[in-house]
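Single-structure report; data block below.
These values consider heavy atoms only, across backbone and side chains, with no hydrogens, waters or symmetry-generated copies.
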Amino acid sequence: MKKIILISLTLGFLTTQLLHAQTLTYPDKMPAKASADKKACIVDTLDLEKDLMLYDNDIIDLTIENLYKALEKYDVKFKKIVVAQALLETGHFTSTLCLQSHNLFGLRHPSDGSYYEFDSWEESVKAYKDDVQYKYDGGDYYAFLNRIGYAQDPRYTNKVMRIANGL
């Protein structure tokens with residue numbers, strides 16, 4: 001973590017120096033193309049900083065570690081079980097539904113059964129909390145998943161349990 005902070009601070013300093021140097025290099029009346037290139041350079045630098053730091057409101061890469069952080073952020077209960085569900089539902093984050101629709105849990109619209117599409121996988125975590133766990137009122141979580149008919153596969157909770165035990 002210290003390395004990430006040090007890298008971030010260094011990048012911030014270098015970005016400031018780069019922007020200052022660009023200001024001195026280019027006159028106020030810059031050609032349109034050069035102006036656009038300068039803006040692109042600034043965005044690329046900021047994106048690099050964003051990739052190096054994990055902000056509270058902006059989890060970037062879908063990893064098991066970051067999924068746990070998002071579950072914590074949204075106060076999702078039974079994190080290990082929910083991570084196991086995501087791994088099972090997405091084929092370890094490789095399914096088309098995961099990669100294109102950012103849906104980690106196979107969440108569907110109740111009206112027509114179509115899959116939800118999210119702008120980010122973190123939105124999928126929030127939807128799980130809001131659309132699934134709000135129904136939980138205590139007891140065995142696996143029994144809860146069976147009771148609400150979370151999946152059609154009768155062996156679903158056994159598969160989730162096996163994955164969770166391996167985490």
Side-chain angles (χ1 to χ4, degrees), residues 1 3-5 7-8 11-12 15 36-37 39-167:
M1 187 65 171
K3 286 182 181 180
I4 292 173
I5 293 170
I7 290 169
S8 178
L11 283 173
T15 302
D37 288 347
K39 288 178 185 171
C41 178
I42 293 168
V43 170
D44 288 345
T45 304
L46 293 176
D47 286 346
L48 178 60
E49 288 177 353
K50 183 177 175 184
D51 289 342
L52 289 174
M53 288 296 290
L54 183 62
Y55 294 99
D56 287 340
N57 296 325
D58 196 6
I59 295 176
I60 298 170
D61 295 327
L62 176 55
T63 64
I64 292 174
E65 180 183 350
N66 287 345
L67 178 53
Y68 271 110
K69 289 177 183 179
L71 295 171
E72 182 69 30
K73 176 180 177 178
Y74 291 107
D75 194 30
V76 175
K77 295 171 177 46
F78 304 99
K79 291 168 189 56
K80 195 174 198 181
I81 295 172
V82 176
V83 168
Q85 285 184 273
L87 291 172
L88 178 60
E89 292 285 345
T90 64
H92 293 268
F93 309 138
T94 62
S95 72
T96 303
L97 187 63
C98 173
L99 297 174
Q100 292 179 2
S101 300
H102 309 288
N103 188 332
L104 301 185
F105 304 102
L107 299 175
R108 295 176 182 252
H109 292 277
S111 58
D112 63 7
S114 65
Y115 288 105
Y116 281 105
E117 294 183 10
F118 301 100
D119 291 331
S120 71
W121 64 264
E122 191 175 350
E123 285 182 14
S124 178
V125 171
K126 183 164 178 5
Y128 183 92
K129 170 71 175 184
D130 294 343
D131 296 345
V132 176
Q133 281 203 345
Y134 85 92
K135 301 173 193 172
Y136 177 74
D137 59 359
D140 182 314
Y141 197 70
Y142 293 111
F144 162 74
L145 293 173
N146 284 330
R147 187 176 70 249
I148 65 170
Y150 188 86
Q152 294 176 350
D153 181 353
R155 298 177 306 156
Y156 179 80
T157 54
N158 289 336
K159 291 176 184 179
V160 170
M161 191 179 301
R162 194 172 30 232
I163 294 169
N165 288 337
L167 291 175

When you measure from the side chain of Ser95 to the backbone N and O of Gly91, does any donor-acceptor pair fall under 3.5 Å?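 Not a single qualifying donor-acceptor pair exists.
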Verify, without hydrogens or angle tests, whether Gln133 (side chain) and Lys77 (backbone) share a donor-acceptor contact under 3.5 angstrom.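 Indeed, once roles are kept as given, a pair shorter than 3.5 Å links the two residues.
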Measuring only between side-chain heavy atoms, which start at C-beta, is [X] closer than 4.5 Å to [Y]?
| X | Y | result |
| --- | --- | --- |
| Lys129 | Asp75 | yes |
| Leu67 | Trp121 | yes |
| Leu71 | Phe78 | no |
| Tyr142 | Met161 | yes |
| Ser124 | His102 | no |
| Ile64 | Phe93 | yes |
| Tyr128 | Leu104 | no |
| Phe118 | Lys126 | no |

Basic-acidic side-chain contact under 4.0 Å: Glu65, Lys69: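 The answer is yes: the pair qualifies as a salt bridge.
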Please round to the nearest 0.5 Å and tell me the distance separating atom [atom1] of [X] and atom [atom2] of [Y].
| X | Y | atom1 | atom2 | result |
| --- | --- | --- | --- | --- |
| Phe144 | Ile81 | CZ | CD1 | 11.0 Å |
| Thr157 | Arg162 | OG1 | CZ | 10.5 Å |
| Leu87 | Ile163 | CG | CD1 | 6.0 Å |
| Lys135 | Tyr150 | NZ | OH | 9.5 Å |
| Lys79 | Leu167 | NZ | CG | 14.0 Å |
| Leu99 | Thr94 | CG | OG1 | 6.5 Å |

Let me see the working for Gln85 and Leu145 under side chain to side chain contact (heavy atoms under 4.5 Å, CB included), right down to the final yes or no. CA-CA 10 Å; Gln85 285 184 273; Leu145 293 173; 3.8 Å; yes
Under 3.5 Å side-chain donor-acceptor pair for Thr63 and Asp61: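 Result is no, nothing qualifies.
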Donor-acceptor pair between Glu123 and Tyr116 side chains, under 3.5 angstrom: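 Side-chain D/A pair, Glu123 to Tyr116: absent.
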So which atom in Ala164 and which in Ala84 form the shortest heavy-atom distance, rounded to 0.1 Å?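 Of all heavy-atom pairs spanning Ala164 and Ala84, the closest is N-CB, 3.6 Å.
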With side chain to side chain contact (heavy atoms under 4.5 Å, CB included) as the test, would you mind laying out the steps for Val132 and Phe105 before giving the verdict? CA-CA 10 Å; Val132 176; Phe105 304 102; over 6 Å; no
All side chain to side chain contact (heavy atoms under 4.5 Å, CB included) counterparts of Ala151, not counting sequence neighbours: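 Tyr156.
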For atom CG of Asp119, decide whether the heavy atoms of other residues, nucleotides or ligands shown that lie under 6.0 angstrom number more than 12.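 Result for CG/Asp119: open.
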